[in-house]
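Comments concern the structure below.
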Amino acid sequence: MSTRPIQRALVSVYDKTGLEDLARALHAAGVSLVSTGSTARTIEAAGVPVTPVEEVTGFPECLDGRVKTLHPRVHAGILADTRLEAHVAQLAELGVEPFDLVVVNLYPFRETVASGATPDECVEQIDIGGPSMVRAAAKNHPSVAIVTSPDAYGDVEAALAAGGFTLEQRRRLAAQAFAHTAAYDVAVAEWFAAGGAGEGSADGDWPAFAGTALQRQAVLRYGENPHQGAALYSDGTGGLAAAEQLHGKEMSYNNYVDTDAARRAAYDHDAPAVAIIKHANPCGIAVGADVAEAHARAHACDPVSAFGGVIATNRPVSVAMAEQVAEVFTEVVVAPDYEPGAVEVLQGKKNIRILRAEGADRATREVREISGGALAQQRDLVDAPGDDVSGWTLVAGEPADEATLADLAFAWTAVRAVKSNAILLAHGGASVGIGMGQVNRVDSCRLAVERAGEDRARGSVAASDAFFPFADGPQILIDAGVRAIVQPGGSMRDDETIAAAQAAGVTMYVTGTRHFFH
Ligand SMILES: NC(=O)c1ncn([C@@H]2O[C@H](COP(=O)(O)O)[C@@H](O)[C@H]2O)c1NC=O
(Lines give C-alpha, C1' and ligand atoms only; values in the text may rest on other atoms or scores of the structure.)
Protein backbone atom coordinates (compact mmCIF):
# COMPACT_ATOMS: atom_id res chain seq x y z
CA MET A 1 0.00 0.00 0.00
CA SER A 2 1.37 3.46 -0.90
CA THR A 3 2.60 5.82 1.78
CA ARG A 4 1.77 9.48 2.29
CA PRO A 5 4.87 11.67 2.81
CA ILE A 6 5.21 13.63 6.05
CA GLN A 7 6.20 17.24 5.42
CA ARG A 8 4.71 19.16 8.31
CA ALA A 9 3.99 18.01 11.87
CA LEU A 10 2.14 19.57 14.79
CA VAL A 11 3.58 18.46 18.12
CA SER A 12 1.93 19.29 21.47
CA VAL A 13 2.66 16.86 24.28
CA TYR A 14 2.26 16.91 28.06
CA ASP A 15 4.47 13.84 28.49
CA LYS A 16 7.80 14.82 26.95
CA THR A 17 9.23 11.26 27.01
CA GLY A 18 11.14 10.59 23.80
CA LEU A 19 10.28 14.03 22.43
CA GLU A 20 13.81 15.15 21.67
CA ASP A 21 14.66 12.01 19.70
CA LEU A 22 11.38 12.23 17.84
CA ALA A 23 11.96 15.89 16.96
CA ARG A 24 15.49 15.12 15.72
CA ALA A 25 14.21 12.24 13.60
CA LEU A 26 11.47 14.41 12.09
CA HIS A 27 13.91 17.22 11.37
CA ALA A 28 16.45 14.84 9.84
CA ALA A 29 13.71 13.61 7.50
CA GLY A 30 12.99 17.17 6.40
CA VAL A 31 9.74 17.56 8.34
CA SER A 32 8.94 21.09 9.55
CA LEU A 33 7.67 21.30 13.12
CA VAL A 34 4.99 23.48 14.71
CA SER A 35 4.61 23.24 18.45
CA THR A 36 3.03 24.65 21.64
CA GLY A 37 4.68 26.39 24.63
CA SER A 38 6.88 24.06 26.61
CA THR A 39 6.88 21.38 23.88
CA ALA A 40 8.42 23.94 21.52
CA ARG A 41 10.94 24.97 24.16
CA THR A 42 12.03 21.33 24.65
CA ILE A 43 12.39 20.82 20.91
CA GLU A 44 14.34 24.06 20.52
CA ALA A 45 16.62 23.10 23.42
CA ALA A 46 17.36 19.87 21.54
CA GLY A 47 18.69 22.00 18.70
CA VAL A 48 15.78 21.36 16.34
CA PRO A 49 14.13 24.29 14.53
CA VAL A 50 10.47 24.68 15.48
CA THR A 51 7.72 27.21 14.71
CA PRO A 52 5.76 28.31 17.81
CA VAL A 53 2.04 27.80 17.31
CA GLU A 54 1.42 31.52 17.96
CA GLU A 55 3.26 32.28 14.72
CA VAL A 56 0.74 30.09 12.90
CA THR A 57 -2.36 31.42 14.66
CA GLY A 58 -1.21 35.04 14.98
CA PHE A 59 -2.76 34.83 18.44
CA PRO A 60 -0.98 34.46 21.78
CA GLU A 61 -1.43 31.40 24.00
CA CYS A 62 -3.71 32.75 26.72
CA LEU A 63 -5.84 32.05 29.79
CA ASP A 64 -3.15 29.97 31.49
CA GLY A 65 -2.85 27.71 28.46
CA ARG A 66 -6.58 27.10 28.11
CA VAL A 67 -6.33 28.48 24.59
CA LYS A 68 -3.26 27.56 22.52
CA THR A 69 -4.18 25.52 19.49
CA LEU A 70 -7.93 26.21 19.39
CA HIS A 71 -7.73 28.26 16.21
CA PRO A 72 -8.98 27.82 12.61
CA ARG A 73 -5.43 28.10 11.28
CA VAL A 74 -4.53 25.02 13.30
CA HIS A 75 -7.75 23.07 12.81
CA ALA A 76 -8.11 23.85 9.10
CA GLY A 77 -4.55 22.57 8.70
CA ILE A 78 -5.50 19.32 10.46
CA LEU A 79 -8.96 18.84 8.97
CA ALA A 80 -8.38 19.63 5.29
CA ASP A 81 -9.04 16.52 3.25
CA THR A 82 -6.15 16.84 0.84
CA ARG A 83 -7.72 14.29 -1.49
CA LEU A 84 -10.24 17.02 -2.39
CA GLU A 85 -9.14 19.73 -4.78
CA ALA A 86 -11.66 22.14 -3.21
CA HIS A 87 -10.08 21.72 0.25
CA VAL A 88 -6.58 22.21 -1.12
CA ALA A 89 -7.71 25.32 -3.02
CA GLN A 90 -9.41 26.77 0.07
CA LEU A 91 -6.30 26.24 2.19
CA ALA A 92 -4.26 28.09 -0.43
CA GLU A 93 -6.78 30.95 -0.46
CA LEU A 94 -6.72 31.16 3.34
CA GLY A 95 -2.96 30.84 3.50
CA VAL A 96 -3.15 27.75 5.70
CA GLU A 97 -0.61 24.96 5.39
CA PRO A 98 -1.82 21.38 5.97
CA PHE A 99 -0.38 19.06 8.62
CA ASP A 100 0.54 15.49 7.72
CA LEU A 101 1.31 14.35 11.25
CA VAL A 102 -0.16 15.34 14.64
CA VAL A 103 1.61 14.21 17.81
CA VAL A 104 -0.40 14.97 20.96
CA ASN A 105 -0.65 13.49 24.40
CA LEU A 106 -3.12 14.80 26.93
CA TYR A 107 -3.05 16.47 30.34
CA PRO A 108 -2.89 13.77 33.06
CA PHE A 109 -6.44 14.08 34.37
CA ARG A 110 -6.71 10.61 35.96
CA GLU A 111 -3.34 10.95 37.68
CA THR A 112 -4.25 14.40 38.99
CA VAL A 113 -7.47 13.06 40.53
CA ALA A 114 -5.56 10.11 42.03
CA SER A 115 -3.06 12.52 43.59
CA GLY A 116 -5.83 14.01 45.76
CA ALA A 117 -5.73 17.39 44.02
CA THR A 118 -8.47 19.95 44.68
CA PRO A 119 -11.51 20.08 42.37
CA ASP A 120 -10.16 23.24 40.71
CA GLU A 121 -6.80 21.62 40.09
CA CYS A 122 -8.51 18.58 38.59
CA VAL A 123 -10.70 20.72 36.34
CA GLU A 124 -7.62 22.55 35.11
CA GLN A 125 -6.20 19.18 34.01
CA ILE A 126 -9.13 18.50 31.68
CA ASP A 127 -7.46 18.83 28.31
CA ILE A 128 -9.58 20.64 25.72
CA GLY A 129 -7.29 21.65 22.89
CA GLY A 130 -5.49 18.28 22.89
CA PRO A 131 -8.54 16.04 22.36
CA SER A 132 -9.82 18.50 19.73
CA MET A 133 -6.63 18.03 17.71
CA VAL A 134 -6.57 14.28 18.31
CA ARG A 135 -10.17 13.84 17.15
CA ALA A 136 -9.69 16.14 14.17
CA ALA A 137 -6.58 14.32 13.01
CA ALA A 138 -8.18 10.92 13.58
CA LYS A 139 -11.25 11.93 11.58
CA ASN A 140 -9.02 13.13 8.79
CA HIS A 141 -6.85 9.99 8.77
CA PRO A 142 -6.89 9.78 4.95
CA SER A 143 -4.65 12.88 5.04
CA VAL A 144 -3.16 12.94 8.55
CA ALA A 145 -1.42 10.48 10.87
CA ILE A 146 -2.22 10.88 14.58
CA VAL A 147 0.10 9.68 17.35
CA THR A 148 -1.05 9.84 20.98
CA SER A 149 1.62 7.96 22.88
CA PRO A 150 5.43 8.02 23.12
CA ASP A 151 5.18 4.23 22.70
CA ALA A 152 4.39 4.89 19.02
CA TYR A 153 7.38 7.15 18.28
CA GLY A 154 9.29 4.13 16.98
CA ASP A 155 6.49 3.65 14.43
CA VAL A 156 6.90 7.29 13.36
CA GLU A 157 10.61 6.76 12.77
CA ALA A 158 9.85 3.59 10.81
CA ALA A 159 7.29 5.50 8.74
CA LEU A 160 9.78 8.28 8.02
CA ALA A 161 12.19 5.66 6.70
CA ALA A 162 9.40 4.15 4.58
CA GLY A 163 8.36 7.51 3.08
CA GLY A 164 5.35 8.03 5.37
CA PHE A 165 2.45 6.07 6.86
CA THR A 166 0.21 3.90 4.72
CA LEU A 167 -3.55 4.50 4.79
CA GLU A 168 -3.99 1.28 6.75
CA GLN A 169 -1.48 2.48 9.36
CA ARG A 170 -3.22 5.86 9.62
CA ARG A 171 -6.56 4.08 10.10
CA ARG A 172 -5.10 1.99 12.91
CA LEU A 173 -3.63 5.10 14.55
CA ALA A 174 -7.01 6.86 14.22
CA ALA A 175 -8.77 3.95 15.94
CA GLN A 176 -6.24 4.10 18.79
CA ALA A 177 -6.70 7.87 19.01
CA PHE A 178 -10.49 7.68 19.31
CA ALA A 179 -10.14 4.92 21.95
CA HIS A 180 -7.73 7.21 23.80
CA THR A 181 -10.05 10.25 23.84
CA ALA A 182 -13.05 8.03 24.66
CA ALA A 183 -11.25 6.60 27.72
CA TYR A 184 -10.20 10.11 28.71
CA ASP A 185 -13.78 11.38 28.52
CA VAL A 186 -15.03 8.38 30.51
CA ALA A 187 -12.63 9.30 33.31
CA VAL A 188 -13.78 12.93 33.28
CA ALA A 189 -17.49 12.04 33.09
CA GLU A 190 -17.20 9.49 35.93
CA TRP A 191 -15.40 12.01 38.09
CA PHE A 192 -18.12 14.60 37.58
CA ALA A 193 -20.89 12.04 38.10
CA ALA A 194 -19.26 10.91 41.33
CA GLY A 195 -19.29 14.45 42.63
CA GLY A 196 -15.59 15.08 42.10
CA ALA A 197 -16.21 18.65 41.01
CA GLY A 198 -18.12 19.28 44.22
CA GLU A 199 -21.71 19.15 43.04
CA GLY A 200 -22.15 15.84 41.25
CA SER A 201 -25.15 13.59 41.30
CA ALA A 202 -23.51 10.83 43.31
CA ASP A 203 -25.89 8.62 45.26
CA GLY A 204 -23.72 6.92 47.85
CA ASP A 205 -21.25 4.76 45.97
CA TRP A 206 -23.26 4.90 42.79
CA PRO A 207 -22.46 7.69 40.35
CA ALA A 208 -25.11 8.63 37.80
CA PHE A 209 -22.75 7.66 35.00
CA ALA A 210 -20.45 4.68 34.81
CA GLY A 211 -18.32 4.16 31.75
CA THR A 212 -15.94 1.44 30.81
CA ALA A 213 -12.91 1.79 28.63
CA LEU A 214 -11.55 -1.61 27.75
CA GLN A 215 -8.58 -2.45 25.57
CA ARG A 216 -8.52 -5.80 23.83
CA GLN A 217 -5.61 -7.87 25.09
CA ALA A 218 -6.19 -10.98 23.05
CA VAL A 219 -8.59 -12.71 20.73
CA LEU A 220 -9.20 -16.09 22.34
CA ARG A 221 -9.50 -19.32 20.38
CA TYR A 222 -13.15 -19.61 21.41
CA GLY A 223 -15.53 -18.82 24.26
CA GLU A 224 -17.20 -21.06 26.80
CA ASN A 225 -17.83 -23.50 23.93
CA PRO A 226 -15.96 -23.95 20.65
CA HIS A 227 -18.76 -22.40 18.57
CA GLN A 228 -18.57 -19.12 20.56
CA GLY A 229 -16.05 -16.40 19.63
CA ALA A 230 -14.30 -14.67 22.52
CA ALA A 231 -11.72 -12.06 23.46
CA LEU A 232 -9.93 -10.81 26.56
CA TYR A 233 -10.16 -7.11 27.48
CA SER A 234 -8.31 -5.11 30.10
CA ASP A 235 -9.45 -1.99 31.95
CA GLY A 236 -5.83 -1.03 32.58
CA THR A 237 -5.91 -1.66 36.33
CA GLY A 238 -3.77 -4.81 36.28
CA GLY A 239 -5.18 -7.98 37.86
CA LEU A 240 -5.68 -11.24 36.00
CA ALA A 241 -6.32 -9.52 32.65
CA ALA A 242 -2.75 -8.20 32.81
CA ALA A 243 -1.17 -11.46 34.00
CA GLU A 244 2.14 -12.49 32.54
CA GLN A 245 2.10 -15.97 31.02
CA LEU A 246 5.40 -17.68 31.67
CA HIS A 247 4.69 -20.97 29.97
CA GLY A 248 2.10 -23.11 28.28
CA LYS A 249 -0.65 -23.05 25.72
CA GLU A 250 -2.75 -19.97 25.12
CA MET A 251 -5.23 -19.24 27.95
CA SER A 252 -8.81 -20.12 27.05
CA TYR A 253 -11.99 -18.31 28.05
CA ASN A 254 -12.82 -21.00 30.63
CA ASN A 255 -9.24 -20.89 31.93
CA TYR A 256 -9.70 -17.18 32.68
CA VAL A 257 -13.05 -17.72 34.41
CA ASP A 258 -11.64 -20.49 36.59
CA THR A 259 -8.39 -18.65 37.29
CA ASP A 260 -10.35 -15.63 38.44
CA ALA A 261 -12.39 -17.81 40.80
CA ALA A 262 -9.21 -19.50 42.06
CA ARG A 263 -7.54 -16.17 42.84
CA ARG A 264 -10.64 -14.98 44.68
CA ALA A 265 -10.60 -18.14 46.81
CA ALA A 266 -6.86 -18.07 47.56
CA TYR A 267 -6.61 -14.39 48.41
CA ASP A 268 -9.42 -14.56 50.97
CA HIS A 269 -6.92 -16.11 53.40
CA ASP A 270 -4.07 -14.41 55.25
CA ALA A 271 -2.01 -17.58 55.74
CA PRO A 272 -0.33 -19.31 52.77
CA ALA A 273 -3.35 -20.68 50.88
CA VAL A 274 -4.08 -22.75 47.81
CA ALA A 275 -7.39 -23.10 45.97
CA ILE A 276 -8.07 -25.67 43.27
CA ILE A 277 -10.96 -24.80 40.97
CA LYS A 278 -13.04 -26.72 38.47
CA HIS A 279 -15.88 -25.02 36.59
CA ALA A 280 -15.60 -21.91 38.78
CA ASN A 281 -16.09 -23.93 41.99
CA PRO A 282 -13.45 -25.02 44.47
CA CYS A 283 -12.70 -28.72 44.76
CA GLY A 284 -10.16 -27.94 47.45
CA ILE A 285 -9.09 -24.97 49.56
CA ALA A 286 -6.51 -25.12 52.29
CA VAL A 287 -4.09 -23.06 54.30
CA GLY A 288 -0.75 -24.34 55.56
CA ALA A 289 2.59 -23.43 57.05
CA ASP A 290 3.75 -23.00 53.44
CA VAL A 291 2.24 -23.29 49.98
CA ALA A 292 3.43 -26.87 49.49
CA GLU A 293 1.55 -27.96 52.60
CA ALA A 294 -1.50 -25.91 51.62
CA HIS A 295 -1.48 -27.45 48.14
CA ALA A 296 -1.14 -31.02 49.42
CA ARG A 297 -4.13 -30.50 51.72
CA ALA A 298 -6.23 -28.71 49.12
CA HIS A 299 -5.53 -31.51 46.65
CA ALA A 300 -6.42 -34.18 49.20
CA CYS A 301 -9.91 -32.70 49.56
CA ASP A 302 -11.03 -34.13 46.22
CA PRO A 303 -8.21 -35.61 44.12
CA VAL A 304 -10.65 -36.93 41.52
CA SER A 305 -12.02 -33.46 40.76
CA ALA A 306 -8.60 -31.78 41.02
CA PHE A 307 -7.59 -33.56 37.79
CA GLY A 308 -7.48 -30.82 35.13
CA GLY A 309 -8.00 -28.11 37.73
CA VAL A 310 -6.85 -24.52 38.01
CA ILE A 311 -4.64 -23.74 40.99
CA ALA A 312 -4.12 -20.38 42.65
CA THR A 313 -1.95 -19.48 45.58
CA ASN A 314 -1.54 -16.25 47.52
CA ARG A 315 2.23 -16.68 47.92
CA PRO A 316 5.10 -17.42 45.53
CA VAL A 317 5.10 -21.04 44.35
CA SER A 318 7.94 -23.01 45.92
CA VAL A 319 9.87 -25.82 44.25
CA ALA A 320 8.23 -28.26 46.66
CA MET A 321 4.75 -27.11 45.62
CA ALA A 322 5.73 -27.16 41.94
CA GLU A 323 6.91 -30.77 42.28
CA GLN A 324 3.55 -31.77 43.77
CA VAL A 325 1.59 -29.89 41.11
CA ALA A 326 3.67 -31.49 38.35
CA GLU A 327 2.37 -34.90 39.42
CA VAL A 328 -1.22 -34.00 38.59
CA PHE A 329 -2.69 -32.93 35.25
CA THR A 330 -3.30 -29.21 35.84
CA GLU A 331 -4.62 -26.61 33.40
CA VAL A 332 -3.34 -23.41 35.02
CA VAL A 333 -1.20 -22.30 37.95
CA VAL A 334 -1.46 -18.64 38.96
CA ALA A 335 0.62 -17.00 41.65
CA PRO A 336 2.04 -13.61 42.57
CA ASP A 337 5.49 -15.08 41.83
CA TYR A 338 7.63 -18.21 41.63
CA GLU A 339 10.64 -19.11 43.76
CA PRO A 340 13.83 -19.91 41.81
CA GLY A 341 13.50 -23.27 40.09
CA ALA A 342 9.71 -23.57 40.50
CA VAL A 343 8.85 -22.51 36.96
CA GLU A 344 11.43 -24.92 35.57
CA VAL A 345 9.81 -27.79 37.47
CA LEU A 346 6.33 -26.85 36.24
CA GLN A 347 7.59 -26.39 32.68
CA GLY A 348 8.29 -30.11 32.65
CA LYS A 349 4.54 -30.44 32.03
CA LYS A 350 4.10 -29.34 28.43
CA ASN A 351 0.51 -28.21 28.61
CA ILE A 352 0.35 -26.45 31.97
CA ARG A 353 -0.22 -22.69 31.75
CA ILE A 354 1.93 -20.77 34.23
CA LEU A 355 0.76 -17.26 35.11
CA ARG A 356 2.28 -14.56 37.23
CA ALA A 357 -0.35 -12.04 38.32
CA GLU A 358 -0.02 -9.30 40.86
CA GLY A 359 -1.73 -9.73 44.26
CA ALA A 360 -5.33 -9.67 45.35
CA ASP A 361 -7.94 -7.77 43.40
CA ARG A 362 -8.94 -5.09 45.85
CA ALA A 363 -11.47 -3.29 43.60
CA THR A 364 -14.42 -2.44 45.79
CA ARG A 365 -17.01 -2.49 43.02
CA GLU A 366 -18.02 -5.29 40.69
CA VAL A 367 -20.24 -5.10 37.64
CA ARG A 368 -22.16 -7.86 35.89
CA GLU A 369 -23.91 -7.45 32.57
CA ILE A 370 -27.58 -8.28 32.28
CA SER A 371 -29.83 -7.94 29.28
CA GLY A 372 -29.99 -4.24 28.45
CA GLY A 373 -27.68 -3.06 31.21
CA ALA A 374 -25.57 -4.01 34.13
CA LEU A 375 -25.76 -4.62 37.84
CA ALA A 376 -23.14 -3.05 40.05
CA GLN A 377 -22.48 -3.95 43.64
CA GLN A 378 -19.93 -3.50 46.38
CA ARG A 379 -17.59 -6.45 46.34
CA ASP A 380 -18.21 -9.06 49.05
CA LEU A 381 -14.91 -8.49 50.81
CA VAL A 382 -13.69 -10.93 53.41
CA ASP A 383 -13.81 -8.35 56.19
CA ALA A 384 -17.60 -8.00 56.06
CA PRO A 385 -19.38 -7.64 59.41
CA GLY A 386 -19.66 -11.12 60.90
CA ASP A 387 -16.42 -12.37 59.35
CA ASP A 388 -14.57 -11.85 62.62
CA VAL A 389 -15.27 -14.67 65.08
CA SER A 390 -15.47 -12.16 67.92
CA GLY A 391 -18.80 -11.02 66.45
CA TRP A 392 -20.33 -14.53 66.28
CA THR A 393 -23.09 -15.66 68.61
CA LEU A 394 -23.04 -19.14 70.17
CA VAL A 395 -26.58 -20.52 69.79
CA ALA A 396 -26.09 -24.22 70.56
CA GLY A 397 -23.61 -26.55 72.26
CA GLU A 398 -20.41 -25.79 74.11
CA PRO A 399 -18.21 -22.85 73.11
CA ALA A 400 -15.66 -24.09 70.58
CA ASP A 401 -12.08 -24.62 71.75
CA GLU A 402 -9.33 -22.64 70.04
CA ALA A 403 -8.59 -25.24 67.34
CA THR A 404 -12.25 -25.74 66.51
CA LEU A 405 -12.84 -22.01 66.38
CA ALA A 406 -9.89 -21.65 64.00
CA ASP A 407 -11.37 -24.37 61.79
CA LEU A 408 -14.75 -22.68 61.84
CA ALA A 409 -13.15 -19.37 60.90
CA PHE A 410 -11.32 -21.07 58.01
CA ALA A 411 -14.52 -22.80 56.85
CA TRP A 412 -16.48 -19.54 57.04
CA THR A 413 -13.86 -17.77 54.90
CA ALA A 414 -13.52 -20.64 52.44
CA VAL A 415 -17.26 -21.10 51.89
CA ARG A 416 -17.43 -17.61 50.33
CA ALA A 417 -15.65 -18.96 47.27
CA VAL A 418 -18.22 -21.73 46.76
CA LYS A 419 -21.24 -21.13 44.53
CA SER A 420 -24.52 -21.06 46.44
CA ASN A 421 -26.05 -23.05 47.98
CA ALA A 422 -22.71 -23.75 49.60
CA ILE A 423 -21.77 -26.09 52.42
CA LEU A 424 -18.12 -26.61 53.23
CA LEU A 425 -16.73 -29.16 55.66
CA ALA A 426 -13.26 -28.48 56.99
CA HIS A 427 -10.69 -29.98 59.25
CA GLY A 428 -7.32 -28.61 60.30
CA GLY A 429 -7.41 -25.61 57.93
CA ALA A 430 -8.42 -27.63 54.87
CA SER A 431 -11.71 -28.30 53.16
CA VAL A 432 -12.61 -32.00 53.32
CA GLY A 433 -16.00 -31.96 51.60
CA ILE A 434 -17.74 -29.30 49.53
CA GLY A 435 -21.37 -29.16 48.44
CA MET A 436 -21.87 -26.44 45.85
CA GLY A 437 -24.31 -24.94 43.41
CA GLN A 438 -27.37 -26.93 44.49
CA VAL A 439 -30.85 -25.44 44.28
CA ASN A 440 -31.64 -26.46 47.83
CA ARG A 441 -29.43 -26.48 50.89
CA VAL A 442 -30.25 -30.01 51.95
CA ASP A 443 -28.70 -31.36 48.73
CA SER A 444 -25.59 -29.26 49.32
CA CYS A 445 -25.31 -30.81 52.80
CA ARG A 446 -25.67 -34.29 51.30
CA LEU A 447 -23.06 -33.55 48.66
CA ALA A 448 -20.55 -32.14 51.15
CA VAL A 449 -20.91 -35.18 53.41
CA GLU A 450 -20.71 -37.60 50.50
CA ARG A 451 -17.61 -35.92 49.10
CA ALA A 452 -15.94 -35.96 52.52
CA GLY A 453 -16.77 -39.61 53.10
CA GLU A 454 -17.69 -41.07 56.46
CA ASP A 455 -14.27 -40.83 58.06
CA ARG A 456 -13.51 -37.26 57.13
CA ALA A 457 -17.02 -35.93 57.80
CA ARG A 458 -16.88 -37.26 61.34
CA GLY A 459 -15.26 -34.67 63.58
CA SER A 460 -15.15 -31.97 60.88
CA VAL A 461 -16.69 -28.50 61.14
CA ALA A 462 -19.20 -27.07 58.65
CA ALA A 463 -19.93 -23.65 57.23
CA SER A 464 -23.08 -22.69 55.36
CA ASP A 465 -23.03 -19.58 53.14
CA ALA A 466 -26.63 -18.71 54.08
CA PHE A 467 -29.11 -19.71 56.76
CA PHE A 468 -30.70 -23.14 56.95
CA PRO A 469 -34.39 -22.74 56.06
CA PHE A 470 -35.20 -26.06 57.73
CA ALA A 471 -33.48 -28.39 60.16
CA ASP A 472 -33.13 -31.13 57.51
CA GLY A 473 -29.80 -29.86 56.16
CA PRO A 474 -28.04 -29.48 59.50
CA GLN A 475 -29.47 -32.84 60.57
CA ILE A 476 -27.56 -34.47 57.69
CA LEU A 477 -24.37 -32.77 58.91
CA ILE A 478 -25.04 -33.77 62.50
CA ASP A 479 -25.77 -37.39 61.52
CA ALA A 480 -22.47 -37.47 59.63
CA GLY A 481 -20.63 -36.52 62.83
CA VAL A 482 -19.93 -32.84 62.18
CA ARG A 483 -18.96 -31.36 65.55
CA ALA A 484 -19.50 -27.63 64.98
CA ILE A 485 -21.42 -25.51 62.50
CA VAL A 486 -21.23 -21.85 61.54
CA GLN A 487 -24.02 -20.20 59.58
CA PRO A 488 -25.52 -16.72 59.23
CA GLY A 489 -28.79 -17.43 61.07
CA GLY A 490 -31.89 -15.39 60.40
CA SER A 491 -34.31 -18.07 59.15
CA MET A 492 -37.94 -18.11 60.36
CA ARG A 493 -37.15 -21.61 61.62
CA ASP A 494 -33.82 -20.90 63.27
CA ASP A 495 -35.22 -22.35 66.47
CA GLU A 496 -35.71 -25.77 64.79
CA THR A 497 -32.14 -25.74 63.42
CA ILE A 498 -30.72 -24.66 66.75
CA ALA A 499 -32.77 -27.30 68.57
CA ALA A 500 -31.36 -30.01 66.28
CA ALA A 501 -27.79 -28.92 67.08
CA GLN A 502 -28.60 -28.56 70.76
CA ALA A 503 -30.11 -32.05 70.92
CA ALA A 504 -26.97 -33.53 69.35
CA GLY A 505 -24.60 -31.48 71.50
CA VAL A 506 -23.20 -29.85 68.34
CA THR A 507 -21.72 -26.38 68.67
CA MET A 508 -23.43 -23.81 66.46
CA TYR A 509 -22.48 -20.19 65.86
CA VAL A 510 -24.41 -17.60 63.88
CA THR A 511 -22.55 -14.78 62.13
CA GLY A 512 -25.40 -12.44 61.20
CA THR A 513 -23.91 -12.07 57.69
CA ARG A 514 -24.40 -14.25 54.66
CA HIS A 515 -22.10 -14.86 51.73
CA PHE A 516 -24.20 -15.83 48.72
CA PHE A 517 -22.06 -16.23 45.62
CA HIS A 518 -23.76 -16.77 42.26
N1 LIG B 1 -6.04 24.72 25.02
C2 LIG B 1 -5.37 24.40 23.97
O3 LIG B 1 -5.54 25.04 22.96
C4 LIG B 1 -4.42 23.31 23.99
N5 LIG B 1 -3.74 22.89 22.94
C6 LIG B 1 -2.93 21.86 23.31
N7 LIG B 1 -3.12 21.62 24.61
C8 LIG B 1 -2.41 20.63 25.42
O9 LIG B 1 -1.23 21.23 25.90
C10 LIG B 1 -0.25 20.23 26.15
C11 LIG B 1 1.09 20.71 25.65
O12 LIG B 1 1.36 21.99 26.13
P13 LIG B 1 2.86 22.48 26.27
O14 LIG B 1 3.46 22.29 24.93
O15 LIG B 1 2.77 23.90 26.70
O16 LIG B 1 3.49 21.60 27.33
C17 LIG B 1 -0.72 18.97 25.48
O18 LIG B 1 -1.04 18.05 26.50
C19 LIG B 1 -1.95 19.40 24.70
O20 LIG B 1 -2.92 18.36 24.71
C21 LIG B 1 -4.03 22.50 25.08
N22 LIG B 1 -4.40 22.56 26.39
C23 LIG B 1 -5.58 22.32 26.93
O24 LIG B 1 -6.67 22.35 26.62
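This one's a predicted model, so the numbers in the text were calculated from it and none came from an experiment. Along the sequence shown, residues are numbered consecutively beginning with 1. The analysis underlying the following values was restricted to heavy atoms, covering all of them including side chains, and did not include hydrogens, waters or symmetry mates. Each ligand, and each atom within it, is numbered from 1 in the order the structure gives.
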Closest to atom 21 (C) of ligand 1 (judged by heavy-atom distance), picking from Asp127, Leu106, Asn105
Asp127
Does Asp388 have any salt bridge (Lys or Arg N to Asp or Glu O under 4.0 Å) partners at least two apart in sequence or in another chain, and if so, which?
none
Kindly assign one of parallel, tilted or perpendicular to the pair His71 and Phe59, based on the angle between their ring planes and the thresholds 30° and 60°.
tilted
Where's the contact between Val13 and ligand 1, heavy-atom distance under 4.0 Å: side chain, backbone, both or neither?
backbone
Looking just at side-chain N and O atoms, do Thr413 and Asp268 make a donor-acceptor pair shorter than 3.5 Å?
no
Got an N/O contact under 3.5 Å between Ala40 and ligand 1?
no
Around atom CZ of Arg135, are there more than 12 heavy atoms from other residues, nucleotides or ligands closer than 6.0 Å?
no
Looking only at protein heavy atoms, what sits closest to atom 2 (C) of ligand 1 is Lys68 N, 3.4 Å
Taking a cutoff of less than 4.0 Å between a non-hydrogen atom of the residue and any ligand atom, is Lys16 in contact with ligand 1?
yes
Provide, to 0.1 Å, the distance between atom 11 (C) of ligand 1 and the closest protein heavy atom, together with that atom's residue and name.
Ser12 OG, 3.4 Å
Tell me whether ligand 1 is touched by Met133 - counting only heavy atoms on the residue side and a distance under 4.0 Å.
yes
For the side chain of Asp465 and the backbone of Arg514, is there at least one donor-acceptor N/O pair under 3.5 Å apart?
no
Any nitrogen or oxygen of Glu61, main chain or side chain, under 3.5 Å from a nitrogen or oxygen of ligand 1?
no
